[in-house]
Amino acid sequence: MATNSDNRAYPTLSVVIPCFNEQATIRDLLAALDAQTYPHDRIEVIIVDGLSTDSTRDVIRAFQQERSGLKIQLIDNAKRIIPEAMNAGILAA
């Protein structure tokens, strides 16, 4: 991974993830993003959740607490429509 002084050469990368009831897979996805060699201070992860009814949000929050290297933002998608989720994520980026 590049040192902090080299990070200016890297553009900020926004990863928008629409999700709904992904408790079984969301941790693996976040861990895969966390394992990337791209500088973490140049990555923002925006999870747009369709108001999951399982423990997806708890898994995301737990990951946020355990691994502070990634900037993870969790926002709601009350309409539960993927294009709405993408639009909300892009707007938040």
Side-chain angles (χ1 to χ4, degrees):
M1 186 177 301
T3 63
N4 284 339
S5 63
D6 295 334
N7 287 356
R8 290 176 300 217
Y10 291 88
T12 299
L13 176 66
S14 300
V15 180
V16 178
I17 304 167
C19 75
F20 178 75
N21 287 351
E22 298 294 339
Q23 74 179 17
T25 58
I26 195 72
R27 177 176 284 282
D28 291 340
L29 172 63
L30 294 173
L33 290 170
D34 189 47
Q36 298 302 307
T37 58
Y38 202 84
H40 285 169
D41 65 339
R42 305 302 294 166
I43 300 174
E44 65 176 351
V45 179
I46 303 166
I47 303 171
V48 189
D49 180 52
L51 307 177
S52 291
T53 57
D54 64 359
S55 29
T56 296
R57 295 167 86 85
D58 295 332
V59 172
I60 294 166
R61 287 188 195 105
F63 192 92
Q64 284 176 302
Q65 302 247 332
E66 295 165 13
R67 310 223 183 141
S68 60
L70 282 178
K71 178 184 172 192
I72 301 172
Q73 183 179 359
L74 177 60
I75 59 179
D76 292 338
N77 173 16
K79 293 185 180 181
R80 293 184 171 169
I81 300 169
I82 293 173
E84 290 287 336
M86 293 303 295
N87 288 338
I90 291 167
L91 194 63

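- The structure places CE of Met86 at 14.5 Å from CD1 of Ile81, a figure rounded to the nearest 0.5 Å.
- Contact of the Leu70 side chain with the Ile43 side chain is registered, since non-hydrogen atoms from C-beta on lie closer than 4.5 Å.
- Side-chain heavy atoms closer than 4.5 Å link hydrophobic residues (I, L, V, M, F, W, Y) into clusters, and following such links, even through other members, never connects Val48 to Leu51.
- The hydrophobic cluster containing Val16 also contains Ile82, counting ILVMFWY residues as joined when their side-chain heavy atoms lie under 4.5 angstrom apart, directly or transitively.
- Atom OG of residue Ser55 and atom CD1 of residue Ile26 lie 12.0 Å apart, to the nearest 0.5 angstrom.
- Here the straight-line distance linking atom CD of Gln73 with atom OG of Ser14 works out to 9.5 Å at 0.5 Å rounding.
- In this structure, the separation between CD on Gln23 and OG1 on Thr56 is 6.0 Å, given to the nearest 0.5 Å.
- Using a cutoff of 4.0 Å between basic side-chain nitrogens and carboxylate oxygens, Asp76 and Arg57 are scored as salt-bridged.
- A salt bridge does not link Glu66 with Arg61: every distance from a Lys NZ or Arg NE/NH1/NH2 to an Asp or Glu carboxylate oxygen is 4.0 Å or more.
- For the pair Ile60 and Ile72, the minimum side-chain heavy-atom distance is below 4.5 Å.
- With a 4.5 Å cut-off on side-chain heavy atoms, Leu30 and Ile47 count as touching.
- The shortest distance between side-chain heavy atoms of Asp54 and Glu22 does not fall below 4.5 Å.
- In summary, the side chains of Thr25 and Asp28 do not present any donor paired with an acceptor at a separation below 3.5 Å, with no hydrogens or angles considered.
- The closest side-chain heavy-atom distance from Leu13 to Arg42 is not below 4.5 Å.
- Val15 and Tyr38 fall within the same hydrophobic cluster, defined by Ile, Leu, Val, Met, Phe, Trp and Tyr side-chain heavy atoms under 4.5 Å apart, directly or through other members.
- Nearest heavy atoms, Ala93 versus Glu44: CA-OE2, 3.3 Å.
- In this structure, the side chain of His40 engages the main chain of Asp34 through a donor-acceptor pair within 3.5 Å.
- The environment of CD1 in Ile75 is crowded: more than 12 heavy-atom neighbours from other residues, nucleotides or ligands sit within 6.0 Å.
- Glu84 contributes no side-chain N or O that, together with a main-chain N or O of Arg80, makes up a donor-acceptor pair within less than 3.5 Å.
- No side-chain heavy atom of Asn77 sits less than 4.5 Å from a side-chain heavy atom of Pro18.
- Each of Ile46, Asp49, Val45, Ile17 was scored for a side chain to side chain contact (heavy atoms under 4.5 Å, CB included) with Leu74, with one residue passing: Asp49.
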